[in-house]
Amino acid sequence: QLSLSESGGGAVQTGDALTLSCTHSPFGDRGVCMAWFRQTPGKDREMVATIYTEDRRLINTEYYGSAKGRFTIAQDTRKKTFGLHMTSLEPDDTAIYYCAATYSFHVCGPRDEYPYWGQGTQVTVSA
């Protein structure tokens with residue numbers, strides 16, 4: 001059983017940057033997919049970015065949709081966190097952001113394959 005908890009959400013203005021952090025319980029040496037999702041009212045929870053590590057070594061990162069070129073996902077193994085650094089924020093980025101994790105082998109799958117979730121943190125971007 002893994003536990004995750006987000007922090008760093010808040011209210012910012014268009015063009016600002018913001019970094020979210022997810023603190024997690026130890027993953028061990030297995031392959032792990034860590035991900036950020038976001039959700040707005042009435043919409044499905046969408047994948048934003050993933051990072052895959054094996055034995056604490058970074059293997060790959062992936063970005064989805066409007067996150068490409070603006071967001072960066074990274075892990076800090078010493079602090080047992082992974083973060084999402086967001087730049088050039090827009091009102092459409094307003095959402096509840098969730099971190100999630102799953103044990104995996106080489107590939108980070110879709111949302112339904114993540115059994116471990118944080119409680120979410122609100123990001124609000126005003127025009």
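Computed from a predicted model, the values in this text were never measured in an experiment.
A cation-pi arrangement is present between Arg45 and Tyr98, with the terminal nitrogen or guanidinium carbon under 6.0 Å from the aromatic centre and inside a 45° cone about the axis. For the pair Arg30 and Tyr103, the cation sits on the ring face: its NZ or CZ lies under 6.0 Å from the ring centre, inside 45° of the axis.
Side-chain heavy atoms closer than 4.5 Å link hydrophobic residues (I, L, V, M, F, W, Y) into clusters, and following such links, even through other members, never connects Trp36 to Tyr64. Under the 4.5 Å side-chain contact rule for hydrophobic residues, Ile51 and Tyr97 share a cluster. A continuous path of Ile, Leu, Val, Met, Phe, Trp and Tyr side chains, each step under 4.5 Å between heavy atoms, connects Val48 with Leu20, placing both in one hydrophobic cluster. Cluster annotation: Val32 and Trp117 are assigned to distinct hydrophobic clusters (Ile/Leu/Val/Met/Phe/Trp/Tyr, side-chain heavy-atom contacts under 4.5 Å, transitive). Residues Leu84 and Leu58 share a single hydrophobic cluster, defined by chaining ILVMFWY side chains whose heavy atoms lie under 4.5 Å apart.
Side-chain contact between Gln122 and Thr94 is present, with at least one heavy-atom pair separated by less than 4.5 Å. Asp93 places none of its side-chain heavy atoms less than 4.5 Å from the side chain of Met86. Between Met47 and Glu62, the closest side-chain pair of non-hydrogen atoms is not below 4.5 Å. Tyr116 is not listed as a side-chain neighbour of Met34, based on a closest heavy-atom distance of 4.5 Å or more. Two residues are said to be in side-chain contact when any heavy atoms from C-beta on lie closer than 4.5 Å; His85 and Thr87 meet this criterion. At a threshold of 4.5 Å between non-hydrogen side-chain atoms, the residues Thr14 and Pro91 count as touching. Counting heavy atoms from C-beta outward, Tyr114 and Cys108 have side chains that approach closer than 4.5 Å.
In terms of heavy-atom proximity, Thr50 sits nearest to Ala35 at CG2-CB, 3.8 Å. When all heavy atoms of Ala100 and Leu4 are compared, the closest pair comes out as C-CD2, 4.0 Å. Between Asp76 and Lys79, the shortest heavy-atom distance links the atoms OD1-N, 3.1 Å. Contact between Ile96 and Gly120 at its shortest, heavy atoms only, is CG2-CA, 3.9 Å.
When atom types are taken as modelled, the side chain of Tyr52 and the backbone of Asn60 share no donor-acceptor pair closer than 3.5 angstrom. Checking side-chain atoms of Thr81 against main-chain N and O of Ser21 turns up no donor-acceptor pair under 3.5 Å. Glu6 places a side-chain N or O within 3.5 Å of a backbone atom of Gln119 that can act as its donor or acceptor partner. No donor-acceptor pair closer than 3.5 Å links the side chain of Thr102 to the backbone N or O of Pro115. A donor-acceptor contact shorter than 3.5 Å is absent between the side chain of Asp44 and the backbone of Glu46.
Classification of the Phe27-Phe82 ring pair by plane angle, with boundaries at 30° and 60°, yields tilted.
Atom CG of residue Asp29 and atom CZ of residue Arg56 lie 5.0 Å apart, to the nearest 0.5 angstrom. The OG atom of Ser104 sits 7.0 Å away from the CD atom of Glu113 when rounded to the nearest 0.5 Å.
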